[in-house]
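Here is the naming used below: chain letters follow the sequence lines, and residue numbers restart at 1 for every chain. Since we're looking at a predicted model, the values are computed, not measured.
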Amino acid sequence: MTQLRRIEGDLWEIPREGRMKVPGRVYAVGPPAPDDPALEQVKNVAHLPGILRFSLAMPDIHWGYGFPIGGVAAVDADAGAISPGGVGYDINCGVRVITTGLDAEELRPRLHPVAAQLYRDIPTGVGASRAIPRLDDAELDGVLRDGARWAVRRGFAAASDDAERCEEGGRLAGADPEAVSPRARQRGADQVGTLGSGNHFVEVDRIAEIHDPRAAEAFGLEPGRVAIQIHSGSRGLGYQVCDESLAALAPRLAGYGPDYAALPDRQLACAPISSPEGRRYLGAMQAAANFAWANRQVMTGLAVRAFLHALRISERELGARLLYDVCHNVAKHEEHEIDGVPRRVLVHRKGATRAFGPGDPRVPAPYREVGQPVLIPGDMGRYSYVLAGTAKAMRDTFGSSCHGAGRLLSRGEALRRARGRSIARELADRGIEIIARGKKTLAEEMSEAYKDVARVVAVMDGAGISRLVARLEPLAVIKG
DNA sequence: ATGTCC
């Protein structure tokens, strides 16, 4: 049972107790359930060496490996610990939105050929590979070092300035390709430009509603137009980096000192950021994050080409432009003001989105006045949202927001409820063109397996952590 | 999330 105290509105505090270094703070849709195991994980994360201010949870929180998904933990950049469980298995899983000049109603009758072409050009599913020829070691080093910039340089991107509109410019500095094992490299060499499975998707959306006209204009979101959404991560390479790092860190845990030995859960395995093992994980994780950016950037090029091919239109007629690309799973060095003093911290965001506020120099110039675009995919049957970061997020959540709807049903429970039904037909009946590799994934990912993302983003908006800008509705969905 | 167990 977790003690909870209401701070205000949808914000709750888990008071510090035992060896917790900081209290927990939970943004929740409705009152949190005291027996939710994810809240126990929020408490566990509060034991992390060097953690600052709060162990945070966003309204899409659910149980994950060690850290909850929807968790945010900032640690001191020098004295703190880095934890693979605080990033997750899919390093730099993230999402991007590409706006187009197409009118949704004009596109609707031609959706099938567009979806079919997207499905042909972007490999999907668990072992998906060969979107582009297998990369040799030198090319893979380029991917691991330069992320989205590698894809732009190699001509795979849709536009030459795409990387500038990714969080961190589509590249984490400090990436260490040498820290990525031969096995991880082997897995990644032919997976650049592939979607994967699970909740990953490519979606064709209609910009359905504008909540904030000024921000929407700055973001280039026009009602009735078509947008493309891509959600994917670092595929087998990132998984392998996480797996090997956990195996390397776990047995050493007690050796790093009493705070490490006393951690309440083995799955919180971590190392001092300054230790050789900590630095090695950090360098490998940054390289895997760059892989994910290259992956989404290559898929962007493939998606744009699929549109041109299927509709037989010119690049100019399509008018594709990357709005923004955000990480959902990452640990990043950032500067944040703590007790009025700027301080270098390492922010773990696991199922959480950076949401920097207006005026921040780290937000691309065209968006700086309104705040960073915060991209929140929902589920494949309902809608997704674009929000903007706020000054309050900078003060209260290390500039972080939610990342999606959050699961309501376990995968097993979703499969049970889908038995005897055709999820594809149900979507088709609602006017959504769906192409999926497997029926099983489709069932696991059906709408009713997820919370209503509208309620999740309403909590963030109501708490002033991010502002609603626009709602997107799916026209066509490609799933692994 | 993941060559969903080297």
For this session: Nearest whole angstrom, please: distance from the C1' of dT4(B) to the NZ of K439(A).
Result: 20 Å
For this session: Would you mind reading off the distance between Q191(A) atom CD and dT4(B) atom P, rounded to a whole angstrom?
Result: 11 Å
Problem set entry | Separation of atom NZ in K440(A) from atom P in dT2(B), rounded to whole Å | 13 Å
Problem set entry | Check: W12(A) ring centre within less than 6.0 Å of Y27(A) ring centre | no
Exercise. If you measure from the Lys or Arg side-chain nitrogens to the Asp or Glu carboxylate oxygens, is any gap between R362(A) and E334(A) under 4.0 Å?
Worked result: no
Exercise. Between atom NE2 in H200(A) and atom C1' in dT2(B), what is the gap in whole Å?
Worked result: 10 Å
For this session: Measure from CG on D190(A) to C1' on dT2(B) and round the result to the nearest Å.
Result: 15 Å
Exercise. Are any of the side-chain nitrogens in R145(A) or D176(A) under 4.0 Å away from the carboxylate oxygens of its partner?
Worked result: no
For this session: Quickly work out the R437(A) CZ to dT4(B) P distance and round it to whole Å.
Result: 15 Å
For this session: Rounded to the nearest angstrom, tell me the gap between atom CD in E444(A) and atom C1' in dT4(B).
Result: 10 Å
Exercise. Between H62(A) and Y450(A), is the gap from one ring center to the other below 6.0 Å?
Worked result: no
Problem set entry | Any residue meeting ring pair (Phe, Tyr, Trp, His ring centres under 6.0 Å) with H231(A), in chain and number order, not counting sequence neighbours | H200(A), F201(A), H328(A)
Exercise. Is it the case that D452(A) and Y383(A) place a side-chain donor and acceptor less than 3.5 Å from each other?
Worked result: yes
Exercise. G198(A) near the nucleic acid: base, sugar-phosphate alone, or nothing, with a heavy-atom cut-off under 4.0 Å?
Worked result: sugar-phosphate
Problem set entry | DNA chain B-proximal residues of residues 233-245 of chain A, any heavy atom under 4.0 Å | R235(A), G236(A), Y239(A)
